[in-house]
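Since the structure is predicted, the reported quantities are computational estimates derived from the model, not experimental observations.
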Amino acid sequence: MRKTFFTRFFLVATLLLAQFTFANEQEHEAEEHGKDLKTEIKEYISHHLKDSHDFSLFSYTKENGEHKYVGFPLPVILWDNGLKVFSSSKFHHGETIAEVDGNHYKLYHSKIYKTDSEGTINYDEEHHPTNVKPLDFSITKNVVMIIVTGLLMLWLFTSLAKSYAKNNGIPTGAGRFFEPIVLYIRDDIARPNIGEKRYKKYMPFLLTIFFFIWFLNIFGLTPLGINVTGNIAITFALALMTFLITNFTGTKDYWMHQFNPLGNTMPWYAKIPLYIILVPIEILGLFIKPFSLLIRLYANMQAGHIVLMSLIGLMFIFKSWLGSPLSFFLAFAISLIEILVALLQAYIFTMLSALYFGFASEDHHEEGHENDPELVHL
Amino acid sequence: MEKLLEEFSVGLFFWQTILFGLLLFLLWKFAWKPILNAVNDREEGIKNALDAAEAAKKEMQNVTADSEKLLKEARAERDSLLKEAREIKEGIISEAKEQAKVEGDKMIKQAQAAIESEKKAAVADIKSQVANLSVEIAEKVIKEELSDKKKQQKLVEDMLGDIKLN
């Protein structure tokens, strides 16, 4: 009873803290620049959604107007006629130009551009910078979070694995919480979708991807202000994995189905007019399936962050006894829903990956299959 | 779409692919494999234990049935043994009784015969003694009688008288 109370208290406190850190930062920035509050909030949100080259937890303005960031710089790795490695502290959060080996780089909207020593950025008619963008392999905030999540997962699951040996096949500690989830993925995601015979070889990928997405989604809700799974490069990489595994483990039947979807149900001359439409659709489906995965996860996480931060921002726009508490409680409610969404999106990604693997590794293509790949697009 | 492409960071994609691949490999080797194996082993262990329990239950039933059968047999044997013993006992008793009776009869007969012979001997003895006594008495009487003439006379007369009567 006592324990659950503390857990609840901790949860609520974390959620509140997330909102207050953000709110503080925002207010200071608005005051400093004297910009329109709405524009300020909008800029802050779009800044938050992007990756960043330093790990700053929050920032505040000193009395003398100096901008102070609390956090730590991260290494910047550029490929610009040779490898350039330097600390992101050289950028001073985009306020100064970094000079490395006679080259000048400027951070502009979270991207690194090569500039002259003045830091001039040239724009085209659509206000896009035209400066050269060196290949950026920096250890960004998102990369750091991937490493942190990776280490956390390694620690959690290797200790779970070890606890079996130590404790005679019964998990201990946190493993008691994670084991049922592992079993759920095996028994309710992999087995029914892939089939009893083949599910085993897909299990490591499904487990890894589920916990990876889930943990990063949850990290996205902490006051650390990170947005890894809401980044298109991340979701693209994840969906690409699913795509590659699906097609590399595809059986003969699977490929037959791609190029000859109707099978022997009708004579070849009847199939020709149908196949002019069907085969391109089937082939397009190959790409649409993983593409839907990447867009779904990206959009859901991105939208969650935008909604949550907008609601918090509303507090400062209303500045009234009625409006601000209202948007506060709305933001609080959305935070709770986001916790659910974090799990749900991880589940959906894993579930659909398993489904695609199931289609690809199926041996017999039953006629009149109800779960035709084209029809199953959640 | 343009915004998405603009947001796409090759560096982040690169790191994500490398790190995720590494994570997948490490977890595969050090976590998922042992976890899934352990869970599998445990499930198999449970299944085996259940099977064994089922088998043991069946065995138990068989044993119970067997022992019941044995018990029944034993009981039947005991009953038959008891019956036999009773028969034997009765046989022995009746035989003993008969023998005893025969023996008793025999003894009684012998006793009777002995008594008879004893009696005869006793009677014969008594007779001879009586005869002797009577001869002695007669001798003494005759001696007494014959000491006096008159008396001798009288005796001869009496005797003669008796003979006459005969």
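Atom CZ in B:Phe30 sits 15.5 Å away from atom CG in A:Leu160 (nearest 0.5 Å). Rounded to the nearest 0.5 Å, atoms OG (B:Ser9) and NZ (A:Lys50) are 12.0 Å apart. The CD atom of B:Glu59 lies 10.0 Å from the OG1 atom of B:Thr64; values are rounded to the nearest 0.5 Å.
Between chain B and the options A:Ile170, A:Leu238, A:Leu240, the largest number of non-hydrogen pairs under 4.5 Å is found for A:Leu238. The most heavy-atom pairs under 4.5 Å with chain A, out of B:Leu12, B:Leu22, B:Leu23, B:Leu36, come from B:Leu12. Between chain A and the options B:Gly45, B:Pro34, B:Ala31, the largest number of non-hydrogen pairs under 4.5 Å is found for B:Ala31.
Heavy-atom distances place the side chain of A:Ile295, and not its backbone, under 4.5 Å from chain B. Proximity to chain B (any heavy atom under 4.5 Å) is restricted, for A:Phe212, to the side chain, taken from C-beta onward. At a 4.5 Å heavy-atom cutoff, the contact between A:Lys200 and chain B is made by side-chain atoms alone. Heavy atoms closer than 4.5 Å to chain B are found in both the backbone and the side chain of A:Thr158. Residue contact with chain A, scored on non-hydrogen atoms closer than 4.5 Å, involves the side chain of B:Phe14 exclusively. Only the side chain of A:Val182 comes within less than 4.5 Å of a heavy atom in chain B; its backbone stays farther off. Heavy atoms closer than 4.5 Å to chain A are found in the side chain of B:Leu19, but not in its backbone. Heavy atoms of A:Ile209 lying under 4.5 Å from chain B belong to its backbone as well as its side chain. Neither the backbone nor the side chain of A:Leu156 comes within contact range of chain B; no heavy atoms are under 4.5 Å apart.
Taking the six-membered ring for Trp, A:Phe243 and A:Phe287 have ring centres closer than 6.0 Å. Aromatic ring centres of A:Phe137 and B:Trp15 lie farther apart than the 6.0 Å criterion allows.
Residues B:Val10 and A:Asp136 fail the side-chain proximity criterion, which asks for heavy atoms closer than 4.5 Å.
At distances below 3.5 Å, at least one donor-acceptor pair connects side-chain atoms of A:Ser88 with backbone N or O atoms of A:His53. Side-chain atoms of A:Asp51 come within 3.5 Å of backbone atoms of A:Asn142 as a donor-acceptor pair (strictly under, hydrogens ignored). Remark: side-chain polar atoms of A:Asn300 are paired, donor with acceptor, to backbone N or O of A:Arg296 under 3.5 angstrom. Remark: the backbone N or O of A:Arg186 is not paired with any side-chain donor or acceptor of A:Arg191 at under 3.5 angstrom.
Judged as a salt bridge (Lys or Arg N to Asp or Glu O under 4.0 Å), and not counting sequence neighbours, B:Asp41 has no contacts.
A donor-acceptor contact closer than 3.5 angstrom links the side chains of A:Thr229 and A:Asn217.
Within residues 104-118 of chain B, no residue has any heavy atom closer than 4.5 Å to a heavy atom of chain A.
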